[in-house]
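Accompanying notes for the structure given below.
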Amino acid sequence: MTEIHRPDRGPSQEFWAEPGIQVVPLRTPTLPPATHTNCVVIGTDQVVIIDPASPYEEEQERLLTHLKSRGAQVLAIWLTHHHADHTGGVQTLRTALDVPVLAHPATAERLQADIEVDDALFDGDRTSLGDLEIEALHTPGHARGHLAFREVTSRTLVAGDLVAGQGTIIIDPPEGDMADYLATLGRLIQENVGAIIPAHGPLIEDGETKLLNYIGHREARERQIAEALQKKANKQARPLDLVPEIYPEVPPVFHPLAARQVLAHLLKLEQEGRVDRPDGGSGVPGTPVYMATGQENRTPDVSFRWIGASTGPNTNWF
Ligand SMILES: [Zn+2]
């Protein structure tokens, strides 16, 4: 319990974020630059495992060996959300330990073909684990059923894919929703956040500053997109057309992914009445990256048009 996070540790090295909150990074097939997903073990004598993420046998074995060496009683598996780089080891671990899997109902719905979720977790649900009291928070934005888990006393937050210790967070519609995401980040600041354990990368000691930076970054992106759109002929463009200007540093192979991010911003601006679509279409066009299997048109030939600032930026979260 004495080893605290050290920046020089290797990517697989376990560390304690707080007494009773241990992080076990597992190698997963996640998006670069990340190579691992943080599995979190909360509690002392009785523990809950959050996101046993790895589909790789040797990593699953490592987690099991680790849990056995701790000698704690595992009560349950909790999931932050349904993405494969968070749920890859769920079936193996639940079978090995005979424990229930809990998640938000929207996550259970998306997993139903692969993983049975035994019980639902909702916003505000609290669980006592020895000296720790853990509160589930419904935190949509990256995924509709996304949950974060907050230790009530230290305010340490197991944040899943709300923020990243390395790389960025993908907001890929319709599962990802930019307005929800910003509202979630704002809520976490309002409710006072301590250190943040992201799903990928090292502990973030100053959670509040990180969240404020994320909100600032998204606001800047939104302004950039609005300005870029207004400079185009007829003030209209497809998401992919805006990518080279908005993301000049991103290599072309990632442009379809970047276009989904631009789309997320455009859909938020559309909800606010600041852009519309000349073709009169609605809904979310194209195929989300996580659902894409090959050469689908992820960002089809749909244009968005600037029609002015009818509501202004949404700053309700302050
Ligand atoms: Zn994710």
Test of understanding: clusters of I, L, V, M, F, W, Y form through side-chain heavy atoms closer than 4.5 Å, transitively. Do Ile169 and Val193 belong to the same one? yes
Quick check: are there more than 12 heavy atoms from other residues, nucleotides or ligands sitting under 6.0 Å from CD of Glu58? yes
Check: Asp114 main-chain N/O paired with Gln91 side-chain donor or acceptor under 3.5 Å: yes
To the nearest 0.5 Å, what is the distance between CZ (Arg260) and NE2 (His255)? 16.0 Å
Transitively linked via ILVMFWY side-chain contacts under 4.5 Å: Leu147 with Leu129? yes
Using modelled atom types and a 3.5 Å cut-off, is there a donor and acceptor pairing between side-chain atoms of Asn234 and backbone atoms of Gln236? no
Please determine whether a side-chain nitrogen of the Lys or Arg among Arg155 and Glu151 lies less than 4.0 Å from a carboxylate oxygen of the Asp or Glu. no
Keeping the roles fixed (side chain from Gln261, backbone from Leu257), state whether a donor-acceptor pair exists under 3.5 Å. no
Check whether any side-chain heavy atom of Phe122 lies under 4.5 Å from a side-chain heavy atom of Pro105, and answer yes or no. yes
If you define the side chain from C-beta out and look only at heavy atoms, does anything of Val275 sit under 4.5 Å from Arg305? no
Got a sec, which residues hit ring-ring contact (aromatic ring centres under 6.0 Å, His included) with His104, two or more places apart in sequence or on another chain? His138
Determine whether Thr92 and Gln60 satisfy the following criterion, side chain to side chain donor-acceptor pair (under 3.5 Å), listing intermediate values before the conclusion. CA-CA 7 Å; Thr92 308; Gln60 295 174 353; 3.0 Å; yes
Candidate pair Phe304 and Asp276, rule side chain to side chain contact (heavy atoms under 4.5 Å, CB included), full reasoning: CA-CA 6 Å; Phe304 290 79; Asp276 71 358; over 6 Å; no
Answer yes when Glu191 and Arg187 have at least one side-chain N-carboxylate O distance shorter than 4.0 Å, and no when they do not. yes
For Asp131 and Thr44, what are the C-alpha separation, side-chain angles and deciding distance, and is it a side chain to side chain contact (heavy atoms under 4.5 Å, CB included)? CA-CA 8 Å; Asp131 295 338; Thr44 46; over 6 Å; no
Rounded to the nearest 0.5 Å, what's the gap from CD1 on Ile170 to CG on Asp161? Could you check? 9.0 Å
Does one hydrophobic cluster hold both Val90 and Val48, with members joined at side-chain heavy-atom distances below 4.5 Å? no
Side-chain contact test, heavy atoms from C-beta onward, threshold under 4.5 Å: evaluate it for Leu75 versus Val99 and give yes or no. no
Worked verdict on Glu14 versus Arg62 for salt bridge (charged side-chain N to carboxylate O under 4.0 Å, His left out): CA-CA 11 Å; Glu14 299 110 46; Arg62 187 164 72 85; 3.5 Å; yes
Is the distance between the ring centroids of His86 and His200 under 6.0 Å? yes
I want to check something: taking the side chain as every heavy atom from C-beta on, are Leu269 and Glu222 in contact at a cut-off of under 4.5 Å? yes
Taking the side chain as every heavy atom from C-beta outward, state whether Leu79 and Asp51 have any atom pair closer than 4.5 Å. yes
Hydrophobic clustering (ILVMFWY, side-chain heavy atoms < 4.5 Å, transitive) - are Val152 and Trp78 grouped together? no
Derivation and outcome, side chain to side chain contact (heavy atoms under 4.5 Å, CB included), residues Ile49 and Val24: CA-CA 10 Å; Ile49 315 293; Val24 184; over 6 Å; no
Is a side-chain donor or acceptor of Asp98 paired with a backbone partner of Thr95 at a separation under 3.5 angstrom? no
Pair Asp85, Thr30: side-chain N/O donor-acceptor within cut-off below 3.5 Å: yes
Under 6.0 Å from the CD atom of Glu61, do we count more than 12 heavy atoms belonging to anything else shown? no
Are Asp177 and Lys268 ion-paired here, with the side-chain N under 4.0 Å from a carboxylate O? no
Linked, directly or transitively: Val40 and Leu121 (ILVMFWY side chains, under 4.5 Å): yes
How about Arg144 and Glu175: do any of their side-chain heavy atoms sit closer than 4.5 Å? yes
Please examine the side chains of Glu270 and Leu266, heavy atoms only from C-beta on, and report whether any two atoms are closer than 4.5 Å. no
Do you see a donor-acceptor pair shorter than 3.5 Å between the side chains of Ser128 and Glu133? yes
Check the pair Tyr181, Arg218 against side chain to side chain contact (heavy atoms under 4.5 Å, CB included), reporting the backbone distance first and the verdict last. CA-CA 10 Å; Tyr181 181 61; Arg218 293 294 177 177; 3.9 Å; yes
State whether the number of non-hydrogen atoms from other residues, nucleotides or ligands found under 6.0 Å of Asp45 atom CG is greater than 12. no
Heavy-atom closest contact (Gly283 atom, Pro285 atom, distance): O-CD, 3.4 Å
Thr209 OG1 to Tyr214 OH distance, which is reported to the nearest 0.5 Å: 13.0 Å
Working to the nearest 0.5 Å, report the span between CG of Asn38 and OG1 of Thr28. 9.0 Å
Looking at every heavy atom in both Ser303 and Pro278, which two are closest together, and how far apart are they? O-CD, 3.4 Å
Is the backbone N or O of Ala103 less than 3.5 Å from a side-chain atom of Thr107, with the two atoms forming a donor-acceptor pair by type? no
Please report the shortest heavy-atom distance between Val302 and Pro239, naming the atom on each side. O-CD, 3.4 Å
With a distance cut-off below 6.0 Å to the six-membered ring centre and an angular limit of 45° from the axis, does Arg221 pair with Tyr247 as a cation-pi contact? yes
Side-chain H-bond candidate by donor/acceptor type, Arg70 with Gln22, under 3.5 Å: yes
Thr37 versus Leu26: any side-chain heavy-atom pair under 4.5 Å? no
Would you verify whether the NZ or CZ of Arg27 falls within 45 degrees of the ring axis of Tyr56 while also being under 6.0 Å from that six-membered ring's centre? yes
Which atoms form the tightest heavy-atom contact between Leu203 and Pro198, and what is the distance? CA-CD, 4.3 Å
Of all the heavy-atom pairs spanning Ala159 and His146, show the shortest one and how long it is. O-CE1, 3.3 Å
Would you say Asn213 has more than 12 foreign heavy atoms packed within less than 6.0 Å of its CG? yes
Which value, rounded to the nearest 0.5 Å, describes the distance between Ile189 atom CD1 and Glu208 atom CD? 6.0 Å
Side-chain donor/acceptor of Asp118 to backbone N/O of Val101, under 3.5 Å: yes
For the CD1 atom of Ile196 and the CG atom of Leu188, what is their distance to the nearest 0.5 Å? 7.0 Å
Heavy-atom pair of closest approach, residues Ile77 and Arg94: CD1-N, 3.8 Å
